[in-house]
Amino acid sequence: MTLDEVLASLFPAGHDVQNHGGVVLGSAPLRSGERALVVGVADRISLGVNDAIRLSAYVLRSIVRDSGPILVVVDSDSQRMSKRDELLGLNEFLAHLGKCLIYADRQGRPTIGVLYGHSAAGAFLATALATRVLVGLPGATPAVMDLPSMSKVTKLSVEVLEEKAKSTPVFAPGLDNLAQTGAVQVVWDAALPLVDQLETLLASLPDSDDRRGQLGKQRGGRRKAYEIAERVRGLVLQSR
Amino acid sequence: MSIAPTHMATVPGTVTSWYEASARTRIRLLLDPGSFMEFIGPEKREVSPHLKVFDLPEQFDDGIVVGRGTLGGSKVLIAAQEGRFMGGAFGEVHGAKLTGLLRAARDIGSVPVLILFDTGGVRLQEANAGELAIAEIMRAVIEAREAGAKVIGLIGGRAGCYGGGGLIAGCCSGLVVSEQGRIAVSGPEVIETNRGVEEFDSRDRALVWRTMGGKHRRLLGGAEVFVDDTGQAFRDAALMLLGQVGGFELSTLTNEQARLEARLRDFGGCADAVDIWTAQGIADAATIPALPADQFIALADRFGRISHDAR
């Protein structure tokens, strides 16, 4: 789906969301009468310092002024890979955006990620993965890293990686593989109006505790993460 | 594959380089003597369930040591990544150990967490689990800080602090960095692979150090404290920083927004780190990479940007 199609299906009563060269900013009314803030990344742009600072500014302004949920719509590349972005401290800009979204979520502005296209690596962490509930739309293509870069780091050929990707969900790109780990809570049906599915989600929203570990265990994509984290937590608390 | 002994016999003063030290040695150099207690240590053999698919060796602690101890007599929680195992990368078990430690810090609320970063980012052989582990850690850092726990990052290892490690570092209350402590999202090789050698020549080590290294991060305000490459220097800095860093509230984020906007405004047009340092008012900026630590620290105290209460 395109951004326009996603927004039209989410907000049939209209919206004022605009796409500023891949940086998505705006708001839209919900059936409850509340307004949702809408931010995100579109057109598969890579997320650099200039984009991240606009998004965090918009979220921060809304935290002090508005109420209601925050939707984070995402079709991005990875983080912007350039000398300039790293020179200026891209890690801080991406972390700051993630922190603003997590803070908002925990201060009564529940965040819902809507992954409708691609996303990868640092851009994924700072946007979709920094939300309370991440929704995937069919056709979304998340990936932690592209195979040529992965090949460079793992010293394995692209052909070997492609072969292993077919049989190894924990490393292979793709929406289903990420859903298995617990990163994506639900995949919506693109044939049905998204507004109904959004309202259903809003009506039964979980609290802001991170449950992706339990989800990954239930779905079998991460069998150890939840148990290991809980064991360490328990051991620390016992040892006090 | 072998279990590293918890207390390796070393003569005090001989192995003091943070860069050269193992994760376990760094913990010993940092904490009060004899105070460290590990959780889910190598004897538990909680290895990665995914590496055998790639015929890669496992490590019994999955490349991270987590536990508790005391620093200057006060309780701390501590995690140390082993950069010599899989580049210190975050896998499922590796990441979950840190997540659990941070959630305990959230539950307690008053005991700080020290994270000794040494990582290339996500462990690509288990990329989805590693990426999500980093997302969970970022959230757990914020929850711990909201509850009142300070989270301090120490960066000066072989692998630096790259990829998602850079984002976690950006969530910490404060950072201690040495010259060797590179902090970035994309590594030099990754930029070169994707954008070409004209954009970034990964073999130009001087370029790597001055773009991502500890001196630049300190001057820019990306790290609060610059230290020499010794265990004692990291220990002293961690103690000092624990007394300085602020909490985590809305003003922290609005201050950080202003801090980063000012950085873009002041240095956004600079093509190289030397141009940024010159714009900061430093004469002979080109000599900075060669400055000894003590001289650099004096210079950074005058010209470096400060980020307390703004990160």
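Below, each value reflects all heavy atoms present in this structure, side chains not excepted, and no hydrogens, waters or symmetry copies. All chains are named by letter (A, B, ...) in the order of the sequence lines, taking the proteins before the strands, and each is independently numbered beginning at 1.
Other residues, nucleotides and ligands place no more than 12 heavy atoms under 6.0 Å from the CZ atom of A:R223. Remark: A:D209 CG is packed, more than 12 non-hydrogen atoms of other residues, nucleotides or ligands lying under 6.0 Å away.
Ranking B:T99, B:T252, B:V190 against chain A, the residue ahead of the rest is B:V190, based on heavy-atom pairs under 4.5 Å. Ranked by heavy-atom pairs under 4.5 Å with chain A, the list B:I276, B:T254, B:L124 is led by B:L124. Each of B:A127, B:G163, B:G222 has some count of heavy-atom pairs under 4.5 Å with chain A, and the biggest count is that of B:A127.
Proximity to chain A is absent for every atom of B:L56, based on heavy atoms less than 4.5 angstrom apart. Contacts of B:M37 with chain A are made by side-chain atoms alone, with heavy-atom separations under 4.5 Å and no backbone atom involved. For B:A271, the part sitting under 4.5 Å from any heavy atom of chain A is the backbone (N, CA, C, O) and nothing else. In this structure, the portions of B:R311 lying under 4.5 Å from any heavy atom of chain A include both its backbone and its side chain. Using a 4.5 Å cut-off between heavy atoms, B:R195 touches chain A through its side chain atoms alone. Proximity to chain B (any heavy atom under 4.5 Å) is shown, for A:S46, by neither the backbone nor the side chain. For B:R139, the parts lying under 4.5 angstrom from a heavy atom of chain A are both the backbone and the side chain. In this structure, chain A has a heavy atom under 4.5 Å from the side chain of B:I142, while its backbone stays farther away. Looking at A:L101, there are no atoms closer than 4.5 Å to chain B (heavy atoms on both sides), in backbone or side chain. Within the 4.5 angstrom heavy-atom criterion, no atom of A:S78 approaches chain B. Proximity to chain A is limited to the side chain of B:F200, based on heavy atoms less than 4.5 angstrom apart. Only the side chain of A:Q107 comes within contact range of chain B, judged by heavy atoms closer than 4.5 Å. The contact between A:L125 and chain B is made by backbone and side chain atoms together, counting heavy-atom distances below 4.5 Å. Looking at A:L129, the atoms closer than 4.5 Å to chain B (heavy atoms on both sides) sit in the backbone and in the side chain alike. With a 4.5 Å cut-off on non-hydrogen atoms, A:A172 touches chain B through its backbone but not through its side chain. Both the backbone and the side chain of A:A225 come within contact range of chain B, each with at least one heavy atom under 4.5 Å from a heavy atom of that chain. There is no contact between B:I168 and chain A, counting heavy-atom distances below 4.5 Å. For a residue to count as touching a neighbouring chain, one of its non-hydrogen atoms must lie under 4.5 Å from one of that chain's; by this rule A:D85 does not touch chain B. Heavy atoms closer than 4.5 Å to chain A are found nowhere in B:E192, neither backbone nor side chain.
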Inset, instruction - With side chain to side chain contact (heavy atoms under 4.5 Å, CB included) as the test, would you mind laying out the steps for A:K83 and B:L207 before giving the verdict? - result: CA-CA 10 Å; A:K83 179 184 177 187; B:L207 172 67; 3.6 Å; yes
Inset, instruction - Could you go through the side chain to side chain contact (heavy atoms under 4.5 Å, CB included) check for A:R231 and B:F39 one step at a time? - result: CA-CA 9 Å; A:R231 255 168 76 195; B:F39 303 123; over 6 Å; no
Inset, instruction - List the steps and the verdict of side chain to side chain contact (heavy atoms under 4.5 Å, CB included) for B:L220 and A:L87. - result: CA-CA 9 Å; B:L220 204 58; A:L87 190 61; over 6 Å; no
Inset, instruction - In sequence, state the C-alpha distance, the side-chain angles, and the governing distance for A:K99 and B:L253, and then conclude on side chain to side chain contact (heavy atoms under 4.5 Å, CB included). - result: CA-CA 8 Å; A:K99 282 188 276 187; B:L253 292 172; 3.8 Å; yes
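In plain terms, the two heavy atoms of B:F54 and A:K164 that are nearest each other are CE2-CD, 3.2 Å. Residues B:G221 and A:E92 share a closest heavy-atom pair of O-OE1, 3.9 Å. Across every non-hydrogen atom of B:V93 and A:I228, the tightest pair is O-CG2, 4.1 Å. The two atoms that bring A:M81 and B:S186 nearest to each other are CG-OG, 3.4 Å, heavy atoms only. A pairwise comparison of heavy atoms in A:A121 and B:E131 identifies O-OE2, 2.8 Å as the closest pair. The two atoms that bring A:A57 and B:E261 nearest to each other are CB-OE2, 4.1 Å, heavy atoms only.
With hydrogens and angles ignored, the 3.5 Å screen pairs no side-chain donor or acceptor of A:R106 with any backbone N or O of B:E143. Of the possible donor and acceptor atoms, one in the side chain of B:E92 sits under 3.5 Å from a partner among the backbone N and O of A:K224. Between the side chain of A:R212 and the backbone N or O of B:L132 there is no donor-acceptor pair closer than 3.5 Å.
Put simply, the side chain of A:V236 reaches to within 4.5 Å of the side chain of B:I108, judged on heavy atoms. Two residues are said to be in side-chain contact when any heavy atoms from C-beta on lie closer than 4.5 Å; A:F171 and B:V53 fail this criterion.
A donor-acceptor contact closer than 3.5 angstrom is absent between the side chains of B:T211 and A:E86.
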